[in-house]
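Convention: sequence-line order gives letters A, B, ...; per-chain numbering from 1.
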Amino acid sequence: MKKYINTDKLYPIAGIALALVLWQIIVQVRNVPGYILPSPTRIASALVRDFELIRYHSARTLYASFVGFGFSIVLAFILAIIMDSFEIIKKALYPLLVISQTVPIIAIAPLLIIWFGFGTLPKIIIVVIVCFFPIVISLVHGMESIDEDYLRLFKTMKATKLQVFYHLKLPFALVHFFSGLKIAATYMIMSAVIGEWLGGDRGIGVYMLRAKNAYALDRVFASILIIVIMSILIIYAIEILGNRVLHWQTERDED
Amino acid sequence: MKKYINTDKLYPIAGIALALVLWQIIVQVRNVPGYILPSPTRIASALVRDFELIRYHSARTLYASFVGFGFSIVLAFILAIIMDSFEIIKKALYPLLVISQTVPIIAIAPLLIIWFGFGTLPKIIIVVIVCFFPIVISLVHGMESIDEDYLRLFKTMKATKLQVFYHLKLPFALVHFFSGLKIAATYMIMSAVIGEWLGGDRGIGVYMLRAKNAYALDRVFASILIIVIMSILIIYAIEILGNRVLHWQTERDED
Amino acid sequence: GCGGETEEKTTVILDWTPNTNHTGLYVALENGYFEDEGLDVEIIQPMEGSSTTLVATGQGDFGVTYQEDVTYALTSEDPLPVTAIATIIQNNTSGFASRKTANIETVMDFEGKVYGGWGSPSEEAILNAIMTNAGAEYETLTNTNIGTDDFFAATEKEIDLVWIFEGWTGIEARLRGIELNYMPIKDLDDALNYYTPILVANNDTIKNNPEKVEAFLRAVEKGYLYSVENPEEAAAILLKYAPELEEELVVESQKFLADQYMMGADQWGVMKAEVWKDYADFLMDNGLLEKELDVDNAFTNEFLPK
Amino acid sequence: MWIMPLRMNSSQSDSDTVISLKHVGKSFGEMVVFEDISLHVNRGEIVSILGSSGSGKSTLFNIIAGLIPIDHGDVIVKGTVGYMQQKDLLLPWKTVSANVGLPLKLKGVEKEDIKKRIEEYLPLVGLEGYEDKFPFQLSGGMRQRASFLRTLMTSEEIFLLDEAFGSLDSITRGQMQKWLLEMKRELDNTVVFITHDIDEAILLSDRIYVISKIPAEIKKEIDVDFHKDDKNKRLLSSKTLQLKQEILRYL
Amino acid sequence: MWIMPLRMNSSQSDSDTVISLKHVGKSFGEMVVFEDISLHVNRGEIVSILGSSGSGKSTLFNIIAGLIPIDHGDVIVKGTVGYMQQKDLLLPWKTVSANVGLPLKLKGVEKEDIKKRIEEYLPLVGLEGYEDKFPFQLSGGMRQRASFLRTLMTSEEIFLLDEAFGSLDSITRGQMQKWLLEMKRELDNTVVFITHDIDEAILLSDRIYVISKIPAEIKKEIDVDFHKDDKNKRLLSSKTLQLKQEILRYL
Ligand SMILES: Nc1ncnc2c1ncn2[C@@H]1O[C@H](COP(=O)(O)OP(=O)(O)OP(=O)(O)O)[C@@H](O)[C@H]1O
Ligand SMILES: Nc1ncnc2c1ncn2[C@@H]1O[C@H](COP(=O)(O)OP(=O)(O)OP(=O)(O)O)[C@@H](O)[C@H]1O
Ligand SMILES: O=C([O-])O
Ligand SMILES: [Mg+2]
Ligand SMILES: [Mg+2]
């Protein structure tokens, strides 16, 4: 499966580079004005110019993202275990979880502010609302998809529920879990940014909104770039962690 | 696994009913004013009062959602096949796909408007941006997770790439595919609504925004309710379809 | 009261990202006017359109919003407990703008054009009224919501006409060398010369802590007066608190607004009952309000510095 | 209908019968596997089940182990059961050591002790040097031996072994058989054995049940009553050949 | 290093050798499975590979089938290969019919014809009535027979059968063996057979390779040169017993 190990990172970089070059060319050749779509070079120079400011704002965004993400993981585990143990709770709770995802966050934003104020808490909560779902779903689906035969094996070995969880369900669900984690990580920074749009005084979202309303599109894109880079780095870190934890699978694939 | 078949639908309904009753009680006992959180009964009466209007707007939202969803599926299949067939394309494209998800849509809304105007097209495109990702990822992951031994089997049977896809990868990925489809369906209506916020003259999003600016929070929540109901119905339909298509799995579970 | 060892926590919620409409608030903060009044002020940038609700629910003591918003808030089924306490600008500095290339010079030219709205319930009524007044046929105008999208992106393609703030988007257009046709709203119909932006306070604060409201407005007035006198310095102060903004836009906008804050009034912030009544009547006549606005309880000038 | 086997502690009864099926019926949909089957296993016995492919042997074990419900009849199992299923069911993410040591771990045995016992037993099934390999790195027969060892590690009172040596060559199989008999003598537990190898059944068993095609019934119950004390002697006995001929007639 | 077996059309050569391994080496990490192994199979032969569990038999087949790369040496395979792996690898979402008919479908055979052939062959492996069952509804031996039939359906020139009858009782196994010999006579293809049953190897083979433990080498190559025309007669021949004793000595 992984024949290109050494060039693994080359292809995506080439893909991104190609996209950037195309973008630059289109903007220059078709003379797209900066208030519609700034060129990559202009974005880069805005990034350099505003570096300190962006760093200042990013720190807050990262903080909310990570705290929310951590909470999401813990919560997802707790809930997944409960849902897996009690079929009734699962059946009652699952639709509520789904509903929680179909509600547009921005529609209930004032409620969040009213309940949790303007501090970092509502941002963290939005991160949790967004990230928690894919993680818990991946865990629950992962545990559901275990071959009945293995469950029987553990039954004959008289394993307790906790043991079945720890020795069978958890490792089995880990593959799914890391998929869910990567999806959650994809949306993690973005959701903190959305949280910042709801109100606040610091964060990439605040920076971005101000730049947008001042028609500084190069700065808007610089902040998008920062969001993308942060997200990609986090996803990549999870990928590496996942490969370590699931080494038996990776070894098998590389065979 | 499915011991409660007959009461399957009772639990979620009980769960939702319980949540609604709690909500009503809290609003009434704590005397929460309507501009913070309207009670379920008030929302229901707003829904009844505005039924015709909501129907009018919903039709447009549903249209954009379904067209976008259909496109997402087709596109996801095409791309998944291409990515599965050409490792290089996969490696180059995958990160771009991930990047496309880390970008907050609202930040690039002006671009969408400039390129696609204010009609239904940009809404459809937003639905595609949101829904396409979980579907394609589920297909690609599904195809990746096929046991090497099965691939070898098909190799010895001299199957063509297309045959391997049709007889092995596709059916194997279908379980994952339906998971992805359900996730996409969760966000499908919501993403159309977000599209409508960015511009438009008809749709649940337009209705909601107007109600919000007129401080008619009961109507805002009535539209949220409609979004939730439509989403749940679609998810449920996919669930049923999935159980039919994957009947060999369901039968096994019920064993 | 004023003074005191411990400063009183005060939260001000903006209506949008920081801009030149807000300069006086930042000047008061920077120059210590709030501190002098014993107020420890925090200025918050919320999601668009949520400031009135947030003030009503006690998330902020004061908020920036506009007259129409307060009118809706006070006539909704559960009226929000807020009262307008000052207008930041005397005249409505918003209006309809189009690119010169669209050839929209009078309201008559609105016919057959596409209007890009921002989601207010009253836009249709307003356009209908001004077009009908001018003898134009409103039905020929297409009304499309462009949400939070900006003028420049929207008018790039199918949108002809957008409602803008002259002191912000109008200035930006000038800086970019994009020529506009601009019709101030106040010139189109007297009823439409409503106050925007304005300051509102929570009714609880007004009732239980009127000294705080007075102290707040004293400091804010000083801030805006300073901005009138020293637009460039005021712009620098705003930029200090919102360095994400474009300096040139802020400075030019500040110069424009310096003349606007108090135009036609001898005191900063003062509001007239007719303005509130006329616009409420206009909305009522067009079936946009659920009930009559009680103008006396909608605003008050009593906390403005005498 | 869920009728679960009755389970008793071995101390509660002084009867010699540890497994007893009476008039048991079991169908999968329309396919009747057992209409009315009865059999028993006494404490300390090795009993083999012989029957053609698809005759319901694995289903029988699943019933005894309490893994699937029956339609009617009585199932009584006295004592704890260790079950080696026909598939190896090794956990792909655990090494050979971890897979084999799993039952001990579940019982809360200390890490040190587990390690010691694994080091002691792995060579006996020919898996020394494979401690840290993952299941996909093993051959089919090696996986079967790991699964066999894992079952023995449970040290239960009754062992159900479903084609335990099916993938082994005759030499390795012979070693395993010998070792099983030794284990049995030491621990004095009860063993029920599914095999398709008649020689193996004769070598190991005290009794043999021959079952028919489905709906399966007991075709013949055979007491293997020669060389009971040293079963290895059966390998060279002429009685073995004779018995084999007899069994072949029933199959 | 990827060294793929050289593949030729059978028409391109008039030599009798269809499979030839010369000085082949293969390691998994530090584990050397083959250091230097050579063997050949002639057209129309049935050749068995005997060796203890874990000696590299399945690895050998994977090499011949071109599924895994070798480290050094030459592999020449003339003709198309049908491979029945040790695991059954039935597709869980296809019925027995669909699983067995898959190779025909892949070759573009018409639906009608596939159905006819399946209806003709299923009874021969004792799976009549199971057409519409899914793999999880079959017993272990039934799955093996379905997998066996699927391999035969490929009608390739060379069949590699890895423990094809390992999970079958002796009666069913005997039927399968007989049927395999008939098929072979009709189609005149080449069969390479892995088994751990020495009797089976003697019954079916023209030649037998006995391989050692890893690093595996050919310990003995045995020509089974009696009753070549009617191999069924070997069942009753005394030479069979003699040969068995001999082979046991090499294992
Ligand atoms: N889950 C199931 N659903 C439907 N039918 C089943 C199921 N499990 C087993 N069967 C059927 O029950 C019968 C007996 O199967 P079982 O696995 O007990 O046979 P067996 O004697 O163990 O065969 P083998 O020696 O081939 O392993 C078979 O006909 C099989 O098709
Ligand atoms: N993918 C792999 N990775 C590492 N080692 C492997 C792998 N496949 C096989 N081996 C090792 O190669 C050796 C030979 O395995 P192989 O499966 O060829 O044995 P076999 O002769 O078929 O045994 P059996 O009769 O038990 O099926 C074993 O020691 C096994 O552990
Ligand atoms: O607030 C405006 O009227 O644009
Ligand atoms: Mg069985
Ligand atoms: Mg093997």
Side-chain angles (χ1 to χ4, degrees), chain D residues 28-31 33 49-59 85-88 125-127 129-130 132-133 136-146 162-163 165-176 194-201 210-211 213-214 244 247-251, chain E residues 28-31 33 49-59 85-88 125-127 129-130 132-133 136-146 162-163 165-176 194-201 210-211 213-214 244 247-251:
Chain D
F28 291 110
E30 276 149 40
M31 183 188 301
V33 181
I49 315 284
L50 277 174
S52 59
S53 171
S55 59
K57 304 182 293 296
S58 299
T59 305
Q85 287 176 262
Q86 199 167 357
K87 287 199 233 174
D88 62 59
V125 294
L127 287 176
Y130 288 85
D132 299 328
K133 298 267 182 241
F136 76 93
Q137 296 173 309
L138 301 186
S139 78
M142 287 166 149
R143 280 199 296 272
Q144 201 169 44
R145 283 176 273 158
D162 194 348
E163 311 238 351
F165 310 139
S167 308
L168 302 182
D169 62 289
S170 50
I171 306 297
T172 317
R173 181 188 282 243
Q175 290 164 349
M176 292 293 109
I194 291 176
T195 179
H196 53 258
D197 183 330
I198 302 177
D199 293 310
E200 183 168 80
V210 181
I211 65 175
K213 299 215 158 181
I214 59 167
K244 186 174 178 180
I247 291 171
L248 274 171
R249 248 179 292 132
Y250 292 109
L251 280 169
Chain E
F28 291 108
E30 276 150 42
M31 184 187 300
V33 181
I49 314 285
L50 277 174
S52 59
S53 171
S55 59
K57 304 182 295 294
S58 299
T59 306
Q85 288 175 264
Q86 198 167 359
K87 285 200 233 171
D88 61 61
V125 295
L127 288 176
Y130 289 86
D132 300 327
K133 297 269 183 242
F136 75 93
Q137 296 173 308
L138 301 186
S139 78
M142 287 165 150
R143 280 198 296 273
Q144 201 170 46
R145 282 175 275 158
D162 194 349
E163 310 239 352
F165 309 138
S167 308
L168 302 182
D169 62 290
S170 50
I171 305 298
T172 316
R173 180 189 282 242
Q175 291 164 349
M176 292 294 108
I194 290 174
T195 180
H196 54 258
D197 184 331
I198 302 176
D199 293 310
E200 183 168 81
V210 182
I211 64 175
K213 299 215 159 179
I214 56 169
K244 187 173 176 178
I247 291 172
L248 274 170
R249 248 178 291 132
Y250 292 111
L251 281 168

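Separation of atoms NZ (E:K87) and NZ (D:K87) is listed at 10.5 Å; rounding is to 0.5 Å. The distance from atom CG of E:D88 to atom CE of E:M142, rounded to the nearest 0.5 Å, is 13.0 Å.
The heavy-atom pair separating D:R173 from D:F165 by the smallest distance is NH2-O, 3.0 Å.
Using a 4.5 Å cut-off between heavy atoms, D:L127 makes no contact with chain E at all. Using a 4.5 Å cut-off between heavy atoms, D:K133 touches chain E through its side chain atoms alone. Looking at E:S139, the atoms closer than 4.5 Å to chain D (heavy atoms on both sides) all sit in the side chain, from C-beta outward. Neither the backbone nor the side chain of E:K244 has a heavy atom closer than 4.5 Å to any heavy atom of chain D. Neither the backbone nor the side chain of E:I194 comes within contact range of chain D; no heavy atoms are under 4.5 Å apart.
Of all the listed residues (D:M31, D:Q144, D:K57), the one sharing the greatest number of non-hydrogen pairs under 4.5 Å with chain E is D:M31. With respect to chain E, the highest number of heavy-atom pairs below 4.5 Å among D:I198, D:L50, D:L168, D:T172 belongs to D:L168. The choice from D:G141, D:S167, D:S170, D:G29 that makes the most heavy-atom pairs within less than 4.5 Å of chain E is D:S167.
Side-chain contact check for D:S55 versus D:I211: some heavy-atom pair is nearer than 4.5 Å. The shortest distance between side-chain heavy atoms of E:V33 and E:F28 falls below 4.5 Å.
Across E:Q85, E:E163, E:Q86, a single residue satisfies side-chain hydrogen bond (donor to acceptor under 3.5 Å, both in side chains) together with E:S58, and that is E:Q86.
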